[in-house]
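Shown below is the structure under consideration.
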Amino acid sequence: MEGGPCKGLGEMGKGSYRSLSGTWRRAESAVNRSVAASHLGKYFKIEARKSSFTKELRAGVATFLTMAYIISVNAAILADSGGPCTARDCTHSSATHAAAPGGHGCNFDTDPGYLHCLATTKSDLVMATVVAAMLGSFAMGAFANLPLALAPGMGTNAYFAYNMVGFRGTGPVPYETAMAAIMLEGCLFLALSVLGLRAKLARLIPRSIRLASAAGIGLFLAFTGLQAREGMGLVGPSKSTLVALAACARTDAATGECLGGVMRSPTFWLAAVGFLITAICLSREVKGSMIYGIVFVTLVSWFRDTSVTIFPDTALGNSNYQYFKQVVDFHMIENTAGRISFGGFNSSQVWVAVITLLYVDILDTTGSMYSMAEYGGFTDDKGGFEGEYRAFIVDASATIVGSALGTTTVTTYIESTAGLREGGRTGLTAVTVAALFLVSAFFTPLLTNVPPWAVGPSLVLVGAMMMKMVREIEWAEAKAAVPAFLTMILMPLTYSIANGIIAGVGMHLAMHMYDLVVGGWRWVAKARKMMSEAQNQVSAAAADIPSAPV
């Protein structure tokens, strides 16, 4: 018999596979029909939106995978501010440390008390990120019935950490006051949402500035991810050129410059591999691309007794390793929750920060939400979409809740498009994302030990993706191009998102001032001419009236 017993076995295997596949499809169809007919299915309008229960679950998993990187990335960025940790948390504070930054007499890089406070704060921020994302996504799904997930936004977290509070508290705004500014911005955003003014305000900003702001924040994030403290370590300080190629094996403790040559850092080369993995996954549109590079670099860095370990043989390294070995742990927020103070609002720096945060939030969240609604086919003829009013209220309220927990502005994530591509069309997608964030809350020992050289590549690639906005700027028109370019270039070069926005808006007004002045002058001249003509007509009418007889 041709083929022999092997062919028979192959046919049996194919038959078993087809039978199993058919059974699975029938079971899936039964579950989908049952859920669609239930109160849950009717509430989420599964049939009306031409979706299914299992499709919504798959969409939620896809969205979570694409945005799960924010858990470690957001905590790493915000922890750079030092959080509520100050010199008061130091174990050793003496004259020997007089040269410490800020003159506080404590070496923040080595003091065990401060480092312990910082480690606790990072665990707090991981939990704050998870809880804010979980609550925001659940509310978006349950109340607005939209497949959009929320989490603390990239861009505003960098502005908070490096411009407002500054690295280890060296900025102009104290941590507690900065968190109060986030809360106030959330309240203003909520008021604008309730009054229906969000979209109108977003349209007042010149389009070139809106586009350039997104691209400039991308450059800022990329520049942050290339530095040593927060990322890959490819660039470092230089006395002659300000910045230079780095990736140093050793650095000068005072200046941060390389000792013994560049491109010799083992952690940089590991980060470069992670960057390549993520970039290839992105190019092939693999779901969860942003997280694979982080996971690879982190796993390698968890091995001890290597040149790239995150657990060196030091007191702090050993302590972190002991906590890491627990794997599962639910961390209660200790340092960051409720650290709100409105006492420093007499400073102009605080109000500049509030306005900047509100501006970025209006542009980022509102623009992202409309673009995703259009992508998902939710928009009507007027550009609005079902659940729009509730969605605006949900993401504004999520920022208020996030600030109370200790994290920055919570926004609707553009990564939700991953779920939309999978067919997610109802709030069940967002509820699924919330459930997965809840599960991740029990793995803080793992999430708090993600090294900066694992996070850095994702920051650079997020910046690269944000640069796509540049192509829509009218570069041939100087009145649009010059303000846009200033907005983008000054954000990384002055290390301030606010400076870029202020410069761009200021230049836009200056370049349009001539048109405004000429237009105003013409209006005044026209008004004077009309008034003169009216006066002449009145005079002529008065002259035609006959005098009364004496």
T432 side chain near E56 side chain, heavy-atom distance below 4.5 Å: no
Minimum side-chain heavy-atom gap V73-S458 below 4.5 Å: yes
Test log, rule side chain to side chain contact (heavy atoms under 4.5 Å, CB included), inputs T156 and L357: CA-CA 7 Å; T156 51; L357 289 165; 4.1 Å; yes
Any side-chain heavy-atom pair of M263 and L234 under 4.5 Å: yes
From N449 atom CG to S72 atom OG, the distance as rounded to the nearest 0.5 Å: 11.0 Å
Contact check, side chains of P451 and T298, non-hydrogen atoms, under 4.5 Å: yes
Aromatic ring pairing F64/F437, orientation class (parallel under 30°, perpendicular over 60°, tilted between): perpendicular
Distance (rounded to the nearest 0.5 Å) between M232 CE and W269 CH2: 9.5 Å
Smallest separation among heavy atoms of M164 and P172, with atom names: O-CD, 3.1 Å
Donor-acceptor pair, side chain of S123 and main chain of A119, under 3.5 angstrom: yes
Flag side-chain contact, heavy atom, 4.5 Å: F296 against L270: yes
Short side-chain to backbone donor-acceptor contact, Q349 and V173, under 3.5 Å: no
Over 12 foreign heavy atoms within 6.0 Å of CD, E257: yes
T407 (side chain) donor-acceptor with T129 (main chain) under 3.5 angstrom: no
Separation between OG of S341 and CD of E176, rounded to the nearest 0.5 Å: 6.5 Å
Close aromatic pair by centroid cut-off 6.0 Å: W453 and F268: no
Donor-acceptor pair, side chain of T336 and main chain of L405, under 3.5 angstrom: yes
Residue pair F345 / L184, side-chain heavy-atom distance below 4.5 Å: yes
N/O donor-acceptor pair under 3.5 Å between T63 side chain and G419 backbone: yes
Heavy-atom closest pair, residues H331 and D124: NE2-OD1, 2.5 Å
Considering all heavy atoms, the nearest V165-A178 contact: CG2-CB, 3.6 Å
Side chains of T409 and T411, donor plus acceptor under 3.5 Å: no
Test log, rule side chain to side chain contact (heavy atoms under 4.5 Å, CB included), inputs V470 and L211: CA-CA 7 Å; V470 173; L211 297 170; over 6 Å; no
More than 12 heavy atoms from other groups under 6.0 Å of CZ on R390: no
S238 backbone acceptor or donor facing T241 side chain under 3.5 Å: no
Any donor-acceptor pair under 3.5 Å from S137 side chain to L150 backbone: yes
For I400 against G186, the heavy-atom pair lying closest together: CG1-C, 3.7 Å
Side-chain donor or acceptor of T399 paired with backbone N/O of V410 under 3.5 Å: yes
Any donor-acceptor N/O pair, Y162 side chain to N157 backbone, under 3.5 Å: no
Where T121 and C85 come nearest, the two heavy atoms and their spacing: OG1-SG, 3.3 Å
Donor-acceptor under 3.5 Å (N74 side chain, P152 main chain): no
Nearest-0.5 Å distance that lies between atom CE in M488 and atom CD1 in I209: 9.5 Å
pair L219-M467: side-chain heavy atoms closer than 4.5 Å: yes
Smallest separation among heavy atoms of L148 and A430, with atom names: O-CB, 3.5 Å
R49/E386 ion pair, N-O < 4.0 Å: yes
Interatomic distance, H508 atom NE2 to S208 atom OG [nearest 0.5 angstrom]: 6.5 Å
Side-chain heavy atoms of L358 within contact of F189, under 4.5 Å: yes
Separation of R284 CZ from I280 CD1 (nearest 0.5 Å): 9.0 Å
Y175 atom OH, over 12 foreign heavy atoms within 6.0 Å: yes
